[in-house]
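The block underneath contains the structure these notes are about, expressed in structure tokens.
Labels below follow one simple rule: chain letters A, B, ... track the order of the sequence lines, proteins then strands, and each chain is numbered from 1.
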Amino acid sequence: MRPEAKLAIGPPIEDGFYYDIDADPPLTEEDFAAIESEMEKTVRADYPFERGEWSKDEALAHYERAGNPYKVELIRDLDDGTITYYRHDDFVDLCRGPHLPSTGKIKAFKLLSVAGAYWRGDERRPMLQRIYGTAFPSQKELDEHLRLLAEAERRDHRKLGKQLDLFSFHPEGPGFPFFHAKGMIVLNQLMEFWREEHRKRQYGEVRTPIILERKLWEQSGHWDHYKENMYFTQIDERDFAVKPMNCPGGMLIYKATLHSYRDFPLRLAEVGTVHRHEKSGVLHGLFRVRVFTQDDAHIFMTPDQIQDEVIGIIDFVDAVYKVFGLEYAVELSTRPEKSIGTDEMWDLATSALRNALDTKGIAYKLNEGDGAFYGPKIDFHVRDCLKRSWQCATIQLDFAMPEKFDLDYVGPDGNLHRPAVIHRVIYGAIERFLAVLIEHFGGAFPTWLAPVQCVVIPISDGQNAYACQVRDRLFEAGLRVEADLSDDTMKYKIRAAQTQQVPYMLVVGDRERESGAVSVRHRRKGDLGAMPLDAFVSRIQEEIALKALDDAVEAL
RNA sequence: GCUGGAGUAGCUCAGUCGGUAGAGCGCAUCACUCGUAAUGAUGAGGUCGGGGGUUCGAUUCCCCCCUCCAGCUCCA
């Protein structure tokens with residue numbers, strides 16, 4: 001089809017494969033049908049894959065003759081003296097292989113998308129077209145995979161955010177989310193829970209300003225390391241910056257008073273709004289925004305308190321994520337090349353993190369050299385509906401800020417010492433965490449989080465007055481309740497409530513009115529039958545108090 | 001930021017080979033008074049993302065910009 005196109009690299013990935021191609025004019029989705037029919041022919045012919053070997057020189061000669069600089073570069077970078085390749089029909093390609101004995105084993109495949117990708121992931125190098133596709137041994141498995149993709153689309157938080165009236169974006173504020181009344185209910189419930197959990201764990205809460213003088217950011221190192229992502233302004237002819245992180249402000253609070261080792265560990269939480277100038281192309285719903293709220297905390301302590309403190313935070317994250325039924329993956333990142341501090345400090349800090357993880361028996365992935373320049377860190381990753389992984393909680397040890405801000409405390413010996421500092425977040429960014437929850441629950445929040453917890457549905461307008469009584473009684477009981485007094489049919493009102501993922505629908509007709517009851521319908525369990533209004537109130541209040549997930553509803 | 005794609009009613013989308021647009025849902029009004037996922041009728045609602053150009057005439061063709069989508073790069 002495109003004899004001049006140059007193949008670059010094409011590995012298998014989870015659920016499929018991609019191939020980077022240098023083609024001019026660029027490939028588009030309109031080319032997919034033609035490519036797929038070529039693939040179809042190849043599959044039907046059932047060519048065997050034949051393994052072959054070249055010496056490095058032979059391989060280089062082959063691709064230099066073909067005028068393919070990408071393969072030449074790949075071969076040059078290979079350490080092996082012999083290069084394996086695979087051949088089917090007249091097509092030869094470098095491959096460690098083997099994947100399959102013959103082309104006929106591919107029973108079902110589909111090209112999914114095409115997008116640009118930098119050669120070898122380097123933005124200074126040419127951009128190629130990357131074609132993504134997927135293949136399965138049977139049509140049935142392909143169909144199942146495509147069904148999962150469609151389900152993921154249904155759960156997409158951007159779509160549900162609109163449908164459920166939770167938040168919106170506007171061209172006037174790219175990357176700056178607007179939270180609607182219903183979205184704020186969820187966020188506020190999350191924060192109420194958060195504050196209670198922090199109170200239990202002896203945290204204080206502080207708040208620092210959004211805008212602070214440039215001098216402060218020069219002192220903290222942000223001016224040197226993070227300027228490109230910051231917003232600036234002027235006040236009375238002095239230079240100021242909008243904070244991209246909360247730590248410098250937190251350091252000033254620490255320095256405002258004298259500290260004793262007796263007060264350690266000193267845990268100061270801050271629900272801090274930060275602004276970061278992210279590149280336009282990386283913005284992604286609530287997952288990647290330009291203003292977000294970190295459920296931050298800075299913990300000041302002696303170095304020998306680090307390990308216990310880290311264990312405490314790991315338990316904290318686990319306890320919080322369990323409430324939502326969220327699964328997570330843990331990563332430990334160690335000292336990067338460009339970093340500050342002594343080897344001794346890094347060893348102490350890294351082993352404290354490692355020991356904490358080992359003590360908890362937590363499996364983790366090691367990211368050698370991926371830590372922050374000021375210290376190692378433990379990250380907690382949660383996957384979205386398309387299996388993309390997002391960092392949420394993180395625990396970071398910091399040796400830089402205590403130095404830069406000359407922090408100290410009075411030790412048992414009466415002398416001044418340098419404290420250790422941990423930065424940590426539990427939700428991470430509340431916006432991102434909300435997005436994770438929307439996709440995790442598919443919009444069907446557990447009752448304690450649901451913007452509307454129950455809708456009263458009169459069967460006809462003869463029961464409107466009773467429906468209002470029921471609504472008022474539930475409102476008095478502290479529930480988020482609405483009465484649907486529209487002149488739609490009962491079936492229609494049920495559908496409307498189901499569509500909005502309201503946990504409980506309370507159907508009231510003459511029978512219920514006469515007995516002071518409600519007919520309870522749960523959005524997943526269906527019709528639960530009639531019960532006295534008070535019985536329903538205690539049931540739902542218990543469910544809310546327990547923060548029960550939907551699949552636990554039956555047990556109540 | 002880069003490559004490619006898209007932007008038409010509140011939402012989801014159709015349409016115009018250049019003569020200023022249509023559906024479903026939603027909304028409003030009226031009728032219906034209904035027992036667990038859609039009762040019917042009528043009506044309102046759009047400077048076709050923004051600016052410039054070509055043209056007698058641009059939502060449609062061309063250029064620039066904005067925003068969104070997929071991916072890449074980035075992500076203390």
Side-chain angles (χ1 to χ4, degrees), chain A residues 18 20 25-31 112-132 153 156 158-159 162-163 165 168-175 220-222 225-226 228-229 244-247 274 276-285 287-288 294 296 333 336 338-339 370-377 379 386 388 390-391 394 396-398 400-401 423 425 429 432 457-464 486-500 505-512 519-523 525-530:
Chain A
Y18 67 78
D20 286 350
L27 296 165
T28 68
E29 297 200 12
E30 283 160 26
D31 298 312
L112 296 174
S113 63
V114 59
Y118 297 109
W119 169 235
R120 310 208 101 182
D122 186 337
E123 66 178 326
R124 290 161 306 194
R125 309 200 65 179
M127 182 164 267
L128 312 173
Q129 279 86 54
R130 175 171 295 178
I131 292 189
Y132 284 90
E153 200 178 321
D156 189 314
R158 293 167 298 187
K159 195 168 186 162
K162 206 178 273 183
Q163 282 168 4
D165 196 18
S168 57
F169 283 93
H170 303 274
E172 292 84 348
S220 69
H222 286 83
H225 290 97
Y226 210 70
E228 274 62 49
N229 286 293
M245 295 179 204
N246 303 303
C247 24
V274 297
R276 298 183 183 176
H277 182 253
E278 304 288 357
K279 288 180 181 175
S280 60
V282 306
L283 302 177
H284 186 94
F287 281 130
R288 194 81 181 267
Q294 293 181 307
D296 218 339
S333 298
K338 191 186 158 204
S339 56
D370 214 26
F373 73 90
Y374 52 68
K377 57 176 187 164
D379 294 328
L386 276 176
R388 288 175 298 213
W390 298 94
Q391 182 189 308
T394 181
Q396 306 182 345
L397 273 167
D398 182 356
M401 294 301 152
H423 308 245
V425 285
R432 175 178 289 182
I457 297 178
I459 286 175
S460 65
D461 57 17
Q463 299 94 30
N464 277 3
S486 66
D487 63 357
D488 296 310
T489 60
M490 178 206 63
K491 277 171 171 294
Y492 187 85
K493 293 173 187 177
I494 286 174
R495 181 186 148 76
Q498 286 281 163
T499 306
Q500 286 295 304
M505 286 143 275
L506 305 177
V507 177
V508 295
D510 287 337
R511 289 206 297 269
E512 287 76 13
S519 269
V520 179
R521 177 190 164 103
H522 182 266
R523 65 183 168 201
K525 310 281 173 194
D527 192 349
L528 301 179

Which nucleotide, [options], lies nearest any side-chain atom of [X]?
X	options	result
A:Val507	B:C68, B:U73, B:U36	B:U36
A:Asp461	B:U33, B:U3, B:G35	B:U33
A:Ser519	B:U36, B:C74, B:C68	B:U36
A:Ser460	B:A70, B:C34, B:U3	B:C34
A:Tyr132	B:C74, B:U36, B:G71	B:G71

To the nearest Å, how far apart are [X] [atom1] and [N] [atom2]?
X	N	atom1	atom2	result
A:Gln391	B:C74	CD	P	15 Å
A:Asn229	B:C75	CG	P	9 Å
A:Glu172	B:G50	CD	P	13 Å
A:Glu123	B:U73	CD	P	10 Å
A:Met127	B:G5	CE	C1'	14 Å
A:Leu283	B:C72	CG	C1'	15 Å
A:Phe287	B:C68	CZ	C1'	17 Å
A:Lys279	B:C2	NZ	C1'	9 Å

Could you grab the distance from atom [atom1] of [X] to atom [atom2] of [Y], nearest 0.5 Å is fine?
X	Y	atom1	atom2	value
A:Gln391	A:Lys377	CD	NZ	5.0 Å
A:Arg511	A:Ser519	CZ	OG	6.5 Å
A:Met401	A:Gln396	CE	CD	10.5 Å

Just by modelled atom types, is the [Y] backbone N or O under 3.5 Å from a matching donor or acceptor in the [X] side chain?
X	Y	result
A:Arg130	A:Gly116	no
A:Gln500	A:Gln163	yes
A:Lys493	A:Ser486	yes
A:Arg276	A:Pro244	yes
A:Gln498	A:Arg523	yes

Need one value for [X]: base, sugar-phosphate or nothing, where a base atom within 4.0 Å counts as base even if backbone is also close, heavy atoms only.
X	result
A:Asn246	nothing
A:Thr394	nothing
A:Arg130	sugar-phosphate
A:Ala117	sugar-phosphate
A:His170	nothing
A:Glu228	nothing
A:Arg124	nothing
A:Gly462	nothing

When you compare [N] with [M], how far apart are their [atom1] atoms, in angstrom units rounded to a whole number?
N	M	atom1	answer
B:C27	B:A9	C1'	11 Å
B:U47	B:G4	C1'	31 Å
B:G22	B:C63	P	30 Å
B:A14	B:U55	P	33 Å
B:U42	B:A37	C1'	26 Å
B:A21	B:G26	P	26 Å
B:C66	B:U73	P	24 Å
B:G45	B:C13	P	24 Å

Under the 3.5 Å rule, do the base of [N] and the side chain of [X] count as making a donor-acceptor pair?
X	N	result
A:Tyr118	B:G71	no
A:Glu512	B:G35	yes
A:Arg288	B:C74	yes

List every contact pair, protein side and nucleotides 38-43 of chain B side both N or O, where the distance is under 3.5 Å.
{"from": "B:A38", "atom 1": "N7", "to": "A:Arg495", "atom 2": "NH1", "distance (Å)": "3.2"}
{"from": "B:A38", "atom 1": "N6", "to": "A:Arg495", "atom 2": "NH2", "distance (Å)": "2.7"}
{"from": "B:A38", "atom 1": "N1", "to": "A:Arg495", "atom 2": "NH2", "distance (Å)": "2.9"}
{"from": "B:U39", "atom 1": "OP1", "to": "A:Thr489", "atom 2": "OG1", "distance (Å)": "3.2"}
{"from": "B:U39", "atom 1": "OP2", "to": "A:Thr489", "atom 2": "OG1", "distance (Å)": "3.3"}

Nucleotide opposite [N] in a Watson-Crick or G-U pair, distances under 3.5 Å:
N	answer
B:G71	B:C2
B:C11	B:G24
B:G35	none
B:G40	B:C30
B:U16	none
B:U55	none

- Which pair of heavy atoms, one from A:His222 and one from A:Cys247, lies closest together, and at what distance?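 Here A:His222 and A:Cys247 meet closest at CE1-SG, 4.2 Å.
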- Message: Using every non-hydrogen atom in the two residues, find where A:Val520 and A:Asp527 come nearest and quote the distance to one decimal.
- Response: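 It is O-OD1, 3.4 Å.
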[N], OP1 or OP2 - any side-chain N/O from [X] closer than 4.0 Å?
X	N	result
A:Ser113	B:G71	no
A:Lys162	B:U12	yes
A:Arg276	B:C75	no
A:His284	B:G71	no

- Message: Between A:His225 and A:Tyr374, does the ring pair (Phe, Tyr, Trp, His ring centres under 6.0 Å) criterion hold? Intermediate values first, please.
- Response: CA-CA 12 Å; A:His225 290 97; A:Tyr374 52 68; 9.4 Å; no
- Item | Note: A:Asp122-A:Arg124 ion pair, threshold 4.0 Å (strictly below) |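 Answer for the salt bridge query: yes.
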- Item | First encountered from the 5' end of RNA chain B, between A:Asp122 and A:Tyr226 |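 The residue whose closest nucleotide sits nearer the 5' end is A:Asp122.
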- Item | A:Arg158 or A:Gly529, whichever maps to the more 5' nucleotide of RNA chain B |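 The residue closer to the strand's 5' end, by nearest nucleotide, is A:Gly529.
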